[in-house]
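Shown next, in structure tokens, is the structure this report addresses.
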Amino acid sequence: MSWWVNNNNLSEKQVHILNSLLNHDSNKVCWLKGFPGTGKTLLLTHLLVKLSALNPETSICYITYTNSLVELVKTSPDINLSKINIMTNYNFISQNKVYDYVMLDEIQDLDKDRLFKIKKLSKKIFITGDFDQQIFQKNFTYEDLTDLIIVQEYELFEIFRLTRNIFDIAISIKPDAHIVEGLEIKNTNANSGVKLVQAANVTVEYEWVWTEALRNSRPGNPSVILFPNNTLIYEFSKSVAHLSGLKPPPKPNKFRNRFSYSSFNEFWKLNNVKLMYLGGSYGNLKESDHKQVVYLMSYFSSKGLDFRNVFIPNLNYNLHISPNYDLENPDLDINLLFVAVTRSRQNLFLSYSTNLCHQLISNIPNNYYDTIFIDNNYLTNQKEVSFF
Amino acid sequence: MVSLSKNRGIIETNSRWLTNKIDNVDEISGLLAKNTYVGIDFGTSTTVVSIVTKDADQRIQSKTLELSQPDKYGGELSHRLVNSVLAWYKGNLLFGADAYALRQELFEGRDIFSSFKMRLGIDIGPTYPETTLKQSSGYDIVIENANDATKLFFKLLHDSIVRALKIKNYPNHVYYAISVPASFEANQRKDLIMDIKGAGIPIEEGCLIDEPNAAFLSYMNAAATSNLDSKFVTRLTDGESNNLIVFDFGAGTCDVSILEVKFDKNNLISKNLAISRFTALGGDNFDADIARKILVPQLLKSAPDFDEFNRRDLEERIIPRLQPTAEELKVIAIKWLTDRHIDSLKRLGNVTDELFVGSPVPKFKLRDTEFKLDSPTLKLHDLIQIFKPYLGKYAPLVTKSHIFAPIDDALKKANLESKEINAILFIGGSSLNPLVQTAIMDILPTSVERLVPKDLRTHVSIGTALHGFGYHAFGFDMIKPITSETISLITKGNKLEILVPVSTEVPTAKPFITTCIIGKQGQKIVELPICAGNINKLLGVIPIESENDNGFNENEEVIIYASLTHDKVLLIEAKIIDQELKTAFLNPLSNKELSPQEKLMLEAKREFNLALLKYGSRIPKSYVKKYAQKASDAGDFALAAEMFITVERIDPMEDLSTNICYNYSMAGEDLKSDEWAEIAYKRNPNGCNCWNLSLRYKDNDDIRERLLRECLSKSMYLPALYCLGIMLYNRNDYEGEILLNEYIQNVSNKLINHTISFLECQYLIHICELLQKNELLDKATLELDKIKDIEDKSLYNNYNPRNLVESKHKSRLGK
């Protein structure tokens, strides 16, 4: 999977921090902090591997918020899954087993109660998290965290994921995001222009998004299309089915507040369409290593992951980004969109199909993106050229 | 010269610019305040541009420049890597990253152009005869050949560089330096300089630096300015001499240089000992092999009724179409190996098979048949087989395409054994492949240190900029380039007389002087054929006619002065008594050695390409027919047959079935030859076609006899007369002897007039032996020897062997 970086290819600063974490012997809990794309999960995983190698008899567990992240970490080729446990924090608490070392990722999405339980089940704990990316809970603050545990903060100064253009976009969406002094962009990919696409209508928008997502997707570098809720995911998938000459896909079943995407994914597989829902326990991240895939995800499930090509449609002026939009907490829209745009390693496509785009997008300076207008006739026929 | 003082990390240099701690800070600052020094590494696949700057501690360094390139959506992206690709997409010209990304969607040579660097210096007419951007198309942009593509690419690059420098407020007085493969021949350098100048970039001879030398400069600069942990550098600073191999393995070429690096009174001196010959071997070869051996069969499955691709379709259309997918699969597979720390072919053999799936190949049509490949796949074990000839066991005479071969070549030229090498520096994008590095390191002794820079793809560019600074600021050429081949004169008996030895520094300080002698009294013309490397790579022939009616005298001296310019252009001056002739040589047709037949083919291809460019898919059949005939004359019978078939396709009224049958037969394609023999006979059962078809029925005497009689009833076809005669004679049929005597009668005059052909003579000898006509047998045998003698001589030589001079040192053997 593209997210993994071998030990030999870590930067000097990353190696330095890793060594500091390994040699950390105070009672304070190490907190690895950084802007999106600074490699918090990567370093935590490397730490996990090294601790396991140095202390083979100890019990180690990596816990995080979503199943997608669990699957991501499992794809690391250096992890010995027979010796290291990787699970969601929900399962960790349910297990009720004490571990010698616990790596706790995405701490901002916990609550006080869960953090307390996790702490009780851990002899030594390392945490990562960024409160700017808090998208699940609103009542858990930095102060709540420091009340429970005494932390020693390790700040990461290098952004490996985001290009400069995407970083600029992210900052203009969330101007109060914490930017440590000396933060550098170290992404070596091409600094592609972010595209803001205005489509004549939603049908055209979806058609364009699907065509370009597929076109840009490569084995090892899938495209992802992000949506705020399951309804829009399904609406989009109907559009794809229509374009592929198929009847509509099965609707995801709702069961105890969760949607089941088994039949949905099976439908695309049977019909040889390279589309897959990824989230919860559905979909397979590893599959895109070896073949062309376009993922559909919710903003929430995408947390912690990154992709070369990210498409964010439906940024209409009259739609909220967060499904739980609350006038008293407008930050949730901001944080969600901030998280969504920071999933991209290179190509970012924002699109809408109304006369005006979402307020958060209109706040972005014009020179931060390239504008594309898609009317009803956008699809040019590609001629099949006869050879001599 | 680069200098390192004995205290590591502190550098002084008598060239004063590659320094860590310098005493002429003001001078350097002044230069950098007024001028910008740009280095361009123009790679087959990727181009990188760097500029010289100072770091916070005032140390000279070089860093890459991020350049804006158009994207496929009408916007822009910026990157330090610029793919050397041009694409014509929706009416816009793209270059760089997104042009590269369009390779799978567009058609190579039609609306996308890549690897044009590899086609410089070769004159085959329009390199892209099927281009959309031809002169007559009405577009402002014309890309018909590699020079057009190179010039246009540099123009766009130049615009981007100027923009980037302006944004960053660099001085707008810019000096350029360009890197080239060390083994780039004079004709390639000339083409490149011409194209770069045509793009508006001011450049001269000294601005070129050999890529391995640039890589070396970059490495030494990095050693001086950072804490490089290397035994090589430590040995240098401890005063020891080092031999360093620079192994540059890119997309299109594999370039090897051997440098001697040592300390001399606090100064580090570096000198080129040898460079490998031009080797068109790179990452592209792996991709082409994957395309050919793995993907073509998969593609054919999508059109089960399609027969098979002819050679031209395969090489010029199908393989280029599949190559991007092949590259993608290769990269996926290598990433998979790297993640698992598998870095050698040996270890790979122990891994269970894995299947990789690439992006679909968009559908396309070839002669009304649609092809597509929705799920191209590559198995790991198939990849091992692909890699084996290049990375497997190395056997010098057998595995000629092995990546170690250029190293071997360079070692021989430098007169060194591998144990005398201290380190090897890996550069070039294809060196990123861990299997490549291991394949080399496994052959070299364990004492050789592996040096791998942080960024293999930008390394050469950085060194090029540093060279540019030294050259433009101080007139200093860091490491003198050398020749990669011996330049020789062909003398009598095909012996080679060395004019300029291999590994000679260029430009030559003074001419090399070689003296030969006239071998025969009264020789009226002297011809001096000059070759590079070996006898097949003829650069040119200098003729000198005697001004005296009696010709030259035996043992008269022929003095030849040979020198090389910085661009490796050869200048020859020849003198016999007072007669002088000067000339300058380039070899425009090719960068590799060519046989006479190959030269003919290239000329034919040039004509054909010109016609294809002019007429496109409506090319008149006469051009195709001519190309077919020339291919046949040149001995490329398979191609000739395919081209004749094409003529029939263009004009169904044309009947070339006999030609097709003949050429397939000469190409050894018996099944196809038999098939066309039937067709030719059905269309026109003339004597020749009867004869051709009879050959198909060698095992069926009845049918064969019938066809031979039919043949003879229509024309006196001597081979048929012979065959039928022998057949009947062996059957003790009296008619057999009659026919054989008839044969003798028919060829007697030819024998007397010396117009009998080789085959006719052979048949005659056989008949004479059977019929015991001994006198005739003797005559025929004598005649056959004479014919052999004439045919042995090359029909295509550019010189008469009788006009050659003799070596003064008769004991010296040619190569």
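As the structure is a prediction and not an experimental result, all values here were calculated from the model. Proteins come first, then strands; the chains are lettered A, B, ... in the order of their sequence lines, and each starts at number 1.
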Worksheet entry | chain A contact via B:Ala101 - which portion, at a heavy-atom distance below 4.5 Å | backbone
Worksheet item: Can you find a pair of side-chain heavy atoms, one from A:Arg218 and one from B:Gln104, that are under 4.5 Å apart?
Response: yes
Practice prompt. Pick whichever of B:Glu354, B:Glu76, B:Lys454, B:Arg340 has the most heavy-atom pairs under 4.5 Å with chain A.
Written response: B:Glu76
Worksheet entry | Pick from A:Ala190, A:Ser217, A:Ser76 with the largest number of heavy-atom pairs that fall under 4.5 Å of chain B | A:Ala190
Worksheet item: Just how far is it from atom OH of B:Tyr73 to atom OG1 of A:Thr371, taken to the nearest 0.5 Å?
Response: 15.0 Å
Response to the item:
With chain B, the option among A:Asn189, A:Asn8, A:Asn272, A:Asn165 that has the most non-hydrogen atom pairs under 4.5 Å is A:Asn189
Practice prompt. Indicate yes or no: at least one non-hydrogen side-chain atom of A:Arg164 is less than 4.5 angstrom from one of B:Glu66.
Written response: yes
Practice prompt. May I ask you to decide if A:Thr188's main-chain N or O and B:Arg80's side chain share a donor-acceptor pair within less than 3.5 Å?
Written response: yes
Discussion item. Counting only heavy atoms not in A:His16 (residues, nucleotides, ligands), do more than 12 fall under 6.0 Å from its NE2?
Written reply: no
Worksheet item: Quick one: are A:Gln346 and B:Leu77 in side-chain contact, heavy atoms under 4.5 Å?
Response: no
Worksheet item: What part of A:Asn191 is in contact with chain B, defined as an atom under 4.5 angstrom from a non-hydrogen atom: side chain, backbone, both or neither?
Response: both
Discussion item. With a sphere of 6.0 Å drawn around NZ of A:Lys269, does it hold more than 12 non-hydrogen atoms of other residues, nucleotides or ligands?
Written reply: no
Fill in: Spacing of A:Asp289 atom CG and B:Trp336 atom CH2 [to the nearest 0.5 Å]
11.5 Å
Worksheet, complete the sentence: Heavy-atom closest pair (B:Gly75 atom, A:Asp370 atom, distance to 0.1 Å) is CA-OD2, 3.6 Å
Worksheet item: Can you say whether B:Leu378 sits under 4.5 Å from chain A via the side chain, the backbone, both, or neither, judging by heavy atoms?
Response: neither
Worksheet item: Is it the side chain or the backbone of B:Leu329 that comes within 4.5 Å of chain A heavy atoms, both, or neither?
Response: neither
Worksheet, complete the sentence: Of the listed A:Arg215, A:Gln292, A:Lys195, the one with the largest count of heavy-atom pairs under 4.5 Å with chain B is A:Arg215
Discussion item. Assess, by modelled atom type and distance only, whether the side chains of A:Asn216 and B:Lys72 contain a donor and an acceptor separated by less than 3.5 Å.
Written reply: yes
Worksheet item: Is any side-chain heavy atom of A:Asn6 less than 4.5 Å from a side-chain heavy atom of B:Thr338?
Response: yes
Fill in: Residue part contacting chain B, namely of A:Lys291, when any heavy atom lies under 4.5 Å
both
